[in-house]
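Take a look at the structure below.
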Amino acid sequence: MNPTVGIAVILTVLQAAHCQMIKDLSACLLGQSLRVDCRYENKTSNPLTYEFSITKDNRKHVIHSTISVSENIYRSRANVTMHKNLVCLYLQSFTTSDEGVYMCELKATNDYTGNQIKNITVIKDKLEKCAGFSLLIQNTSWLLLLLLSLPPLQAVDFVSL
């Protein structure tokens, strides 16, 4: 094998080995809805596929997915939004019957290193309320937030004497 081709293959494999990584999985209550935030680091421009599921009674139930088919019981209640490095699951009308171990599974298209998976146990009475502008904080530069938090500048009226 040509040494140049061998090096190119090794570099391609090393790059694919670190395409995305789940950094954090958290859950909170937003009114009567559950929000599960799956934060990740993506080092490729390849499209991202995801799956949110719940395990209860030793059985996996797919809530919302681009990888497989969602179950009917969740289809009308679940919605997913994607922002830069954040995939959010919203489950409407969240009740104690929806408690269990929630899983976020991510896979970058053409990433042959396997899926990234993270779990979180969700119990309704132990959930905190979602912060009012947590999405704004996660996706906006700190400088812009600082500027927005400053009191508005007031025009000064100079009167010539």
| query | Does a donor on one side chain and an acceptor on the other come within less than 3.5 Å for R77 and S33? | reply | no
| said: Would you say E105 and S53 are linked by a side-chain donor-acceptor pair, where the criterion is simply a distance under 3.5 Å? | reply: no
If you round to the nearest 0.5 Å, how far is [atom2] of [Y] from [atom1] of [X]?
| X | Y | atom1 | atom2 | result |
| --- | --- | --- | --- | --- |
| R35 | L89 | CZ | CG | 11.0 Å |
| D24 | I120 | CG | CD1 | 7.5 Å |
| H64 | L91 | NE2 | CG | 10.5 Å |
| E51 | K60 | CD | NZ | 4.0 Å |
| L34 | C28 | CG | SG | 7.5 Å |

| request: Take I67 and Y50 through the side-chain contact (heavy atoms from CB on, under 4.5 Å) test and state the conclusion after the steps. | output: CA-CA 6 Å; I67 297 172; Y50 64 84; 5.6 Å; no
| query | Out of I63, V62, V69, which one pairs with R75 under the side chain to side chain contact (heavy atoms under 4.5 Å, CB included) rule? | reply |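 It is V69; the other options fail the test.
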| So do C38 and C104 have their SG atoms closer than 2.5 Å? | yes
| message | As a quick check of understanding, evaluate side-chain contact (heavy atoms from CB on, under 4.5 Å) for N119 and Y102, giving each step before the final call. | response | CA-CA 6 Å; N119 298 319; Y102 282 72; over 6 Å; no
| request: Keeping the roles fixed (side chain from K56, backbone from S97), state whether a donor-acceptor pair exists under 3.5 Å. | output: yes
| Main-chain N/O of S68 paired to S65 side chain as donor or acceptor, under 3.5 Å | yes
| said: Is there a path of hydrophobic side-chain contacts, each under 4.5 Å between heavy atoms, that joins L127 and V101? | reply: no
| Is there a side-chain contact between N46 and L48, using heavy atoms and a 4.5 Å cut-off? | no
